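To start, the structure itself, in structure tokens.
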Amino acid sequence: MGAQQVRDGFAELYGAAPEGVWAAPGRVNLIGEHTDYNDGFVMPFALPHTAVAAVSRRTDGVLRLHSADVEGGVVELRVDELVPEADRNWTAYPSGVVWALREAGHPVTGADIHLASTVPSGAGLSSSAALEVVVALALNDLFSLGLRGWQLARLCQRAENVYVGAPVGIMDQTASACCETGHALFLDTRDLSQKQIPFDLAAEGMRLLVVDTQVKHSHSEGEYGKRRAGCEKGAALLGVDALRDVPYAGLDAALARLGDEEEVRRLVRHIVTENERVERVVSLLESGETRAIGPVLVEGHASLRDDFRISCPELDLVVDTALASGALGSRMTGGGFGGSAIVLAEEQDVDAITKTVTEAFAAAGFKTPRVFEAVPSAGARRLH
């Protein structure tokens, strides 16, 4: 939905034009899955799909929220009555951002907000982070808070962790706030240092497809939390602050020290090898060997499937079918248990791979997947 439509929707709802219109994108994670809450490395890039918000300030402590994507009227709240984990609706994401900003001492005195999003929800593409970041950026601008992208991302993560109650890492919000067109973001989630890595597939005759399996997942449900707790247990047993501190060269020794803690061993193995895969992809892209990242993506999927155990039949079918149809690489992306897979392919193979994957889903009796091209796009920005 374009800026003008959202602007018009705001005026219709609230009886006046908004002070501005902002956008924040969803993201695809190229490599580096579940490493972010282990202080590790990730490599997302922003999608062209965005959450768009038309916003005006209020000074009376009232927060009014409306979404073009959700049935129902305007939801009215008071900013001084926002309480963590009290809201189980979509409104928890924008109101959580207001709560986090105020908790951090920023003088947000209310707002009228109208939202619309083209980021597919439940597809592992960070629709919730896009919603949070677009609201945070708008309020940052309108209230002249002077916060930078990474600071907004931190506040949005706190909103989702504490206010919504979902134990997500920092990657999604940082990607939405900080990514650049034509680049993937190499992010160290410990110190939040960033490096923009050129990733222009079209210039090299390649495409990256996202295959949304239409299987919905929710981070607030227990499996994500169990994996996170298992990783923390592994770090504690190994005497390190986070699994990021286990060197790849010392992985075998670390696993041996974990003895018969088989589940923890698997989680540790995934995190340590995944951090190494991120560094390998960065090195390959920087040296111009883009096609060579394909096998690294496949390794990542095997690790998520077999060690982290967060894949599902639909995701495995995408990967196996795409590879059998000539894809350069493929893996599930996002939190797992559904959502999306990515497929790296030569431009001339895209149609055939899309057709084969769609046919494989039909043959398996699965819902028809949604397939679209992922083009590395701009991070959060003001539109109007």
Side-chain angles (χ1 to χ4, degrees), residues 26-38 42 44 47 119-129 166-169 171-172 208-231 262-267 269-271 273-274 277 294-325 327 329-345 353-372 374:
R27 66 96 191 98
V28 164
N29 193 22
L30 182 63
I31 192 79
E33 218 64 78
H34 288 265
T35 48
D36 60 345
Y37 55 80
N38 289 286
V42 294
L47 287 167
V119 185
S121 118
L125 303 174
S126 299
S127 56
S128 58
V168 298
M171 173 181 66
D172 297 352
L208 189 81
L209 301 178
V210 173
V211 182
D212 175 5
T213 64
Q214 308 276 353
V215 178
K216 301 299 181 192
H217 71 130
S218 171
H219 280 162
S220 318
E221 289 169 11
E223 291 299 325
Y224 183 103
K226 280 186 203 167
R227 301 303 187 283
R228 185 165 186 162
C231 290
E262 183 52 39
E263 187 174 347
V264 175
R265 281 163 56 92
R266 285 191 286 99
L267 297 178
R269 184 165 51 223
H270 168 71
I271 298 301
T273 58
E274 187 79 344
R277 281 186 284 273
V296 189
L297 303 183
V298 179
E299 283 177 37
H301 183 76
S303 183
L304 289 162
R305 181 191 65 211
D306 301 337
D307 277 342
F308 228 66
R309 298 190 183 181
I310 57 169
S311 191
C312 65
E314 291 87 349
L315 289 167
D316 292 341
L317 184 61
V318 175
V319 173
D320 294 344
T321 306
L323 293 173
S325 306
S330 182
R331 73 172 192 91
M332 61 155 285
T333 186
F337 309 104
S340 299
I342 56 174
V343 179
L344 180 68
I353 290 170
T354 302
K355 182 172 182 284
T356 310
V357 168
T358 304
E359 288 172 349
F361 267 58
F366 296 151
K367 195 182 285 188
T368 304
R370 179 182 178 214
V371 185
F372 59 91

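Since the model is a prediction, treat every value here as computed from it, not as a measurement. Hydrogens, waters and symmetry mates are skipped; everything else that's a heavy atom, side chains included, is used.
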(message) What verdict does the side-chain contact (heavy atoms from CB on, under 4.5 Å) test give for I31 and R331, after you've listed the backbone C-alpha separation in whole Å, the side-chain angles of each residue and the deciding distance to 0.1 Å?
(response) CA-CA 9 Å; I31 192 79; R331 73 172 192 91; 3.9 Å; yes

[atom1]/[X] to [atom2]/[Y] distance, rounded to the nearest 0.5 angstrom?
X    : Y    : atom1 : atom2 : answer
H34  : N29  : NE2   : CG    : 9.5 Å
S330 : L344 : OG    : CG    : 9.0 Å
L315 : D320 : CG    : CG    : 10.5 Å
F372 : S340 : CZ    : OG    : 6.0 Å
R309 : L267 : CZ    : CG    : 9.5 Å
K367 : T213 : NZ    : OG1   : 9.0 Å

Grab the two heavy atoms, one from [X] and one from [Y], that are nearest each other, plus how far apart they are.
X    : Y    : value
G335 : I310 : O-CD1, 3.4 Å
S121 : S127 : CA-OG, 3.6 Å
V357 : A322 : CG2-N, 4.2 Å
L47  : A374 : CD2-CB, 3.7 Å
F366 : P313 : CZ-CB, 4.1 Å
C231 : N38  : CB-OD1, 3.1 Å

Report, one line per pair, each donor and acceptor closer than 3.5 Å where one atom sits in a side chain of residues 294-306; sequence neighbours left out.
residue, atom, partner, partner atom, Å
E299, OE1, R280, NH2, 2.8
E299, OE2, R280, NH1, 3.2
H301, ND1, M332, N, 3.0
H301, NE2, D316, OD1, 2.9
S303, OG, H270, ND1, 2.7
S303, OG, R277, NH2, 3.2

(message) So, using salt bridge (Lys or Arg N to Asp or Glu O under 4.0 Å) as the criterion, who are the partners of R269 when residues are at least two apart?
(response)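 Testing R269 for salt bridge (Lys or Arg N to Asp or Glu O under 4.0 Å), a comparison that skips the adjacent residues, returns D307.
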
For [Y], is there any backbone N or O sitting under 3.5 Å from a side-chain donor or acceptor partner on [X]?
X    : Y    : answer
R370 : V210 : no
D36  : M171 : yes
E33  : T333 : no

(request) Answer yes or no: does atom CD of Q214 have more than 12 heavy-atom neighbours from other residues, nucleotides or ligands under 6.0 Å? (result)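 More than 12 within 6.0 Å, yes.
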
Report yes if some heavy atom in the side chain of [X] is under 4.5 Å from a heavy atom in the side chain of [Y]; otherwise report no.
X    : Y    : value
L317 : F361 : yes
Y37  : P167 : no
V318 : P369 : no

